Amino acid sequence: MTIIVIVYNDAGRLARAVQSALDQSLAEVEIVIVDDASTDATPRVAERLAAARPDRVRVVTLPENSGGCGRPRNVGMDHANGRYVMFLDSDDTLDPHACRNLVTAAEETGADLVSGRCVRVQPEREQSWYPSLYRESRVLTSISDEPDLLYDTLSTNKCYRREFLDREDLRFVDRLHYEDLLFSAQAYAGARKIAIIPHRVYNWIVVPRGETLSITHRRSELRNFADRLEIHRRIDATFRLRGATDLIKHKNVKFLNHDLLLYLRELGSRDREYRETFLDLAQAYLETMDTAVFEECNPMMGVAAYLIVQGDLRAAMAAADHAPRKGSAPTLSISPVERDGRIYWSGAYLSTEVGRRILDVTDLGIHSAPLGTLTLGGRLTEARQAGRELLLTGDFVNPLGRIDAGTELAGKLEIRDRRRKGRAFRVPVTLWHDGERIGWRAGFTPGRAIRPIGLVDQTWGLWLRVDAGDETVGVRVTSPWTAHEDITVPVRPRLTRVVGDHLEAYVADSGELAFRIVGRRFPARTVLPLLRGLARTDLGVKVWRFLVHAEKMLVKRLTGRATKIAVFNRVLVRLPVKKGTVVFESHLGAQYSDNPKYIYRELRERGTPHQAIWSYSTSKQGFPAEATLVRRGSWAYFHALARAEYWVDNQGFPTGLTKRRQTTYLQTWHGSAYKRMGFDEPSVKQSTWAEHVRRRLMAGRFDHFLVRSEHDVRTLATGLGVTSPMMRVGYPRNDRLVNGGDPEETAALRESLGLADDTRTVVLYAPTFRADENDRPTRRFAAPFDLERFAREFGDSHVLLVRSHYLSTAVVPPGLRGTVIDVSGVHDVTPLLLLADALITDYSSVMFDYALRDRPVILYTPDLDEYVLRRGTYFDLAEHAPGPVIRDEEGLFAILADLDRVHRDHAERRHRFVERFGEYDTGTAAKAIVERFFSGGPRG
């Protein structure tokens, strides 16, 4: 095995790289150092390493610098003696067993090329490079067997059979950056066998704060982008020559999803000349692609590519901003348009069918998603420094005019630590409606408003947190040009001014206006460069990691969930119980709804003196203003639970909390069971002993458990492991279904939905959630039947209300408004059940509730066999269902055409269903509960 180490002006790190090669557990390894005409101490370091191990280390020095990595690697191959070759950069290292694992795989499989796992090593964390490709050992006979390998274009985490390199005449291209991409593509295409191993092979050490960035981090140089495009053209030619046109398409999808995205997201920090040249280069290359590629990649990157071809770089940049981001929400920085009932990213290029398909972003749900779930894009329009004060003015997008001109606005400017989440300083802002955008202004003294630590928090970005009516939305503030970089304001870090004395404005690669700590005066002017120089050494990286880890651990200990639970169990439970306090929670704080809501309302209607505290998870919108509201998981939340006389919820308060004896826990649950629950679920049966114990402890805290039938006792209660007394009173939420509800509330709901004078039949579609392959709820809900067909065939006679499960989000095209209405934002399903003339559901427990109304229930279950097999059920749906069980769209639409007949033909089934599954729902549940627990007022 020959390891070729290439180096240029890297005297400080070369020895570390070479030592990682010398420390290989495979004994027969030679190292060829190729010095690309370094001008620092690198040649002396290389010669010293060779002199120390002349049997294993050789040095080759190029007469002049090549300007890239290609020629040094080629020279290294010319001097290599090993049967296998691999490459190592001087700023990286190899895993101690890299060579042994790679060579063993090559010998056992006969592979020309063996690829192992690369790990990006950053000061704060480590992250595997495309880990999904390296989950298990595999042998491929062609790159076509696993085209996703084209995402891993590194040449350094692989070993190559020398015979293979010579047979294919494989060499790196010279004087072009990104030579790895072409070399790897050619190697993949030429290899007769490719072996994949899951072992860690290569440590890609990333230090982006260094003065000399790696080529990967030099995206601000236009030559960098031009070279990347030329490399991709040559890859296209390689695949075309081999007749692998399918690989060209796959590679182009990768180019849009990865390569183009990187550059577009950083264009916000580039000047006008750079952007214009970038557009010319990108446009010329993208015009060579089949537009089918634009429809196969990430939808937003397909939009971006299409807009670049049209010459609209601004809208393309906005599309890249809205592409999915790991760890953060996508940013909506322009307002889409509505045309013919669909939502398009831009209205300027809709004259062709291709343009309409690619630019159609209706399924993103921008028009209907709760405003608080969006991150909006804002821009800084003016920045002025007045002495020590900073005056900032800007605006942000108002998508589709969703923030009405009459909406009351309030908010704060947040100066956030750019490297760690959660740390921010806040100052007030003034907001106003400004045509199609929202304007804002802030004035503050940074030296007073911002107190950074000084070492672990050296860069800060600007965000807005805006309250628009009852909803709160985040706004990322960008600076379109670099005109604000001359602003410098004094600051006093907590570690004193030795580590910095000013904040200097700059535009980050992401386009955000940001500030970094600098030293303008003594001693910071002297000390800070020394500290940053130290941070780039091995010792400095270790110190940095220690500081960041220590801070994270401290923050976690002070604010983490485990700490709060420990404090709850050891300290807060010693506080006296506050008599008359009741903590209510529905669906983990997601809603003001269900059984807890109707117990609360009964308390309010009776005027009892109890103090009601409601838990909310994200937004206060929809929760009762007269109650005390606490955010779930906050210190206030745990304090309220510790002192409460009653806990009332329908799912479960946090695991690990020990309920005190003086607190009564009333668990109402949220529905009868068709699908198997708790310990009866196949996945739970196969879970760990610790998980079983956790579930037993959760159920062991219940003092009372509500049931609406003996079916609940036999199935739901047993499955959840409930041992507390059963309250056979029915569900409070169903009292109104039995008693007919409040006509005024129903009329108000009809009016809010635009149905005040509408005489059409109201059909409610309310399915349960669906899970992905990892058994997690899917976030995006798509109706399993054609909504547009429903509108065409039934729009004159029916209205369809679509209510997704609270764990999912529904998207209804705006063109269907008035006929298909998304009511997922309505917290409580009970008023919708009172409004509906018929129900379509699948396996949701809402079937048990709506049957009480004695109106048509349709079970639409196209995936019934799969669902029963995966989840398991307590009874045969076809045998006991309160209405027809339909498996296909044709059958569903035929049933909808004659709901009167459904009502007549299935009346007896509905009655038997209610007798079996709702025997205790008599309309008096809330009254019975309040009289039993709360009628005498606070105890004691």
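Just so we're clear, the structure is a prediction, and the values are computed from it rather than from any experiment. Values below: all heavy atoms of this structure, side chains included; hydrogens, waters and symmetry mates excluded.
- The number of heavy-atom neighbours closer than 6.0 Å to CZ of Arg606, taken from other residues, nucleotides and ligands shown, is above 12.
- No more than 12 heavy atoms of other residues, nucleotides or ligands lie within 6.0 Å of CG in Asp796, so this atom counts as exposed by the packing criterion.
- Side-chain atoms of Asp649 do not come within 3.5 Å of backbone N or O of Leu588 as any donor-acceptor pair.
- The two residues Ala699 and Gly721 have their closest heavy-atom pair at CB-O, 3.5 Å.
- The shortest heavy-atom contact between Ile366 and Pro399 is CG2-CB, 4.5 Å.
- In this structure, CG in Leu896 is found 4.5 Å from CD1 in Ile840, a value given to the nearest 0.5 Å.
- The shortest side-chain heavy-atom distance between Arg701 and Leu697 does not fall under the 4.5 Å cut-off.
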- Query: Yes or no on ring-ring contact (aromatic ring centres under 6.0 Å, His included) for Phe917 and Phe875, after CA distance, side-chain angles and deciding distance?
  - Reply: CA-CA 11 Å; Phe917 299 109; Phe875 59 87; 4.9 Å; yes
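- At least one donor-acceptor pair under 3.5 Å links the side chain of Arg853 to the backbone N or O of Leu834.
- With values rounded to the nearest 0.5 angstrom, Thr407 atom OG1 is found 8.5 Å from Asn398 atom CG.
- In summary, Arg736 and Asp742 do not engage in a salt bridge, as defined by a charged side-chain N under 4.0 Å from a carboxylate O.
- At least one side-chain heavy atom of Leu899 sits less than 4.5 Å from a side-chain heavy atom of His798.
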- Item | Gln651 and Asp594: CA distance, side-chain angles, deciding distance, side chain to side chain contact (heavy atoms under 4.5 Å, CB included) verdict | CA-CA 11 Å; Gln651 197 155 336; Asp594 211 82; over 6 Å; no
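- Between atom OH of residue Tyr600 and atom CH2 of residue Trp614 there is a gap of 8.5 Å, rounded to the nearest 0.5 Å.
- Aromatic pair Tyr867/Tyr674: ring centres not closer than 6.0 Å.
- Just one residue in the list Val846, Leu835, Leu737 forms a side-chain contact (heavy atoms from CB on, under 4.5 Å) with Thr830, and that residue is Leu737.
- Around atom CD of Glu626, more than 12 heavy atoms belonging to other residues, nucleotides or ligands sit under 6.0 Å away.
- A donor-acceptor pair under 3.5 Å is absent between the side-chain atoms of Ser844 and the main chain of Pro767, judged by distance alone.
- Residues that satisfy the side chain to side chain contact (heavy atoms under 4.5 Å, CB included) test with Arg696, not counting sequence neighbours, are Phe679.
- In this structure, the separation between OG on Ser586 and CZ on Phe623 is 7.5 Å, given to the nearest 0.5 Å.
- Atoms CG and CZ, on Asp822 and Arg817 in that order, are 12.0 Å from each other to the nearest 0.5 Å.
- Between Val473 and Leu371, the shortest heavy-atom contact is CG2-O, 3.6 Å.
- In the displayed structure, Glu745 atom CD is contacted under 6.0 Å by more than 12 heavy atoms of other residues, nucleotides or ligands.
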- Step by step, work out the side chain to side chain contact (heavy atoms under 4.5 Å, CB included) result for Ile929 and Leu706. CA-CA 10 Å; Ile929 291 167; Leu706 263 63; 3.5 Å; yes
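- The pair Glu681-Arg871 meets the salt-bridge criterion, since a charged nitrogen lies less than 4.0 angstrom from a carboxylate oxygen.
- Contact detail for Asp921 and Val738: the closest heavy-atom pair is O-CG2, 3.8 Å.
- The pair Glu879-Arg916 does not count as a salt bridge, with every side-chain nitrogen at least 4.0 angstrom from each carboxylate oxygen.
- The shortest side-chain heavy-atom distance between Thr664 and His704 falls under the 4.5 Å cut-off.
- Taking the charged nitrogens against the carboxylate oxygens, Arg733 and Asp828 have no contact shorter than 4.0 Å, which rules out a salt bridge.
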- Item | Trace of the side chain to side chain contact (heavy atoms under 4.5 Å, CB included) decision for Glu338 with His367 | CA-CA 9 Å; Glu338 182 181 339; His367 61 287; over 6 Å; no
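- Minimum interatomic distance between Pro856 and Asp837 (heavy atoms only, all atoms of both residues): CD-O, 3.5 Å.
- The side chain to side chain contact (heavy atoms under 4.5 Å, CB included) check on Pro370 picks up Thr373, Glu471, with sequence neighbours excluded.
- In this structure, Leu720 and Trp669 have side chains that are in contact, with non-hydrogen atoms separated by less than 4.5 Å.
- Although no hydrogens or angles enter the test, the distance criterion places a donor-acceptor pair under 3.5 Å between the side chain of Ser617 and the main chain of Gly589.
- Put simply, the side chain of Ile599 reaches to within 4.5 Å of the side chain of Phe584, judged on heavy atoms.
- Ring centroids of Tyr731 and Tyr920 are separated by 6.0 Å or more, keeping the two rings apart.
- Looking at heavy atoms from C-beta onward, Val812 lies out of side-chain contact with Ile821 at the 4.5 angstrom threshold.
- Applying the side chain to side chain donor-acceptor pair (under 3.5 Å) definition to pairs two or more places apart or across chains, those involving residues 883-896 are Arg789-Glu889, Arg789-Glu890, Asp865-Arg887.
- Identified under the ring pair (Phe, Tyr, Trp, His ring centres under 6.0 Å) test for residues 891-912, with sequence neighbours left out: Phe794-Phe893.
- With hydrogens and angles disregarded, no donor-acceptor distance shorter than 3.5 Å links the side chain of Ser615 to the backbone of Arg631.
- A donor-acceptor pair under 3.5 Å links the side-chain atoms of Arg803 to the main chain of Val826, judged by distance alone.
- Residues Leu859 and Pro882 are in side-chain contact: their nearest non-hydrogen atoms beyond the backbone lie under 4.5 Å apart.
- Remark: Ser709 pairs with His711, Asp712, Glu919 by the side chain to side chain contact (heavy atoms under 4.5 Å, CB included) rule, at least two apart or across chains.
- Separation of atoms OG1 (Thr668) and CZ (Arg708) is listed at 12.0 Å; rounding is to 0.5 Å.
- A donor-acceptor pair shorter than 3.5 Å can be found between the side chains of Thr655 and Arg694.
- The backbone N or O of Val811 lies less than 3.5 Å from no partner atom in the side chain of Asp363, so there is not a single donor-acceptor pair.
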- Start with the C-alpha gap between Arg402 and Leu374, add the side-chain angles, then the distance that decides, and say whether side chain to side chain contact (heavy atoms under 4.5 Å, CB included) holds. CA-CA 12 Å; Arg402 293 191 54 189; Leu374 302 177; 4.0 Å; yes
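- For Ala717, the side chain to side chain contact (heavy atoms under 4.5 Å, CB included) criterion is met by Phe705, Val722, Met726, not counting sequence neighbours.
- Note on Arg728 versus Glu710: salt bridge recorded, some NZ/NE/NH1/NH2 to OD/OE distance being below 4.0 Å.
- Atom NZ of Lys927 has 12 or fewer heavy atoms from other residues, nucleotides or ligands within 6.0 Å.
- Between Phe653 and Tyr665, the ring center distance clears the sub-6.0 Å criterion.
- Put simply, the side chain of Thr472 never gets that close to the backbone of Gly372: no donor and acceptor are under 3.5 Å apart.
- Between Leu716 and Gly671 the shortest heavy-atom distance is CD2-O, 3.4 Å.
- Using a 4.5 Å cut-off on side-chain heavy atoms (C-beta onward), Tyr646 and Leu666 make no contact.
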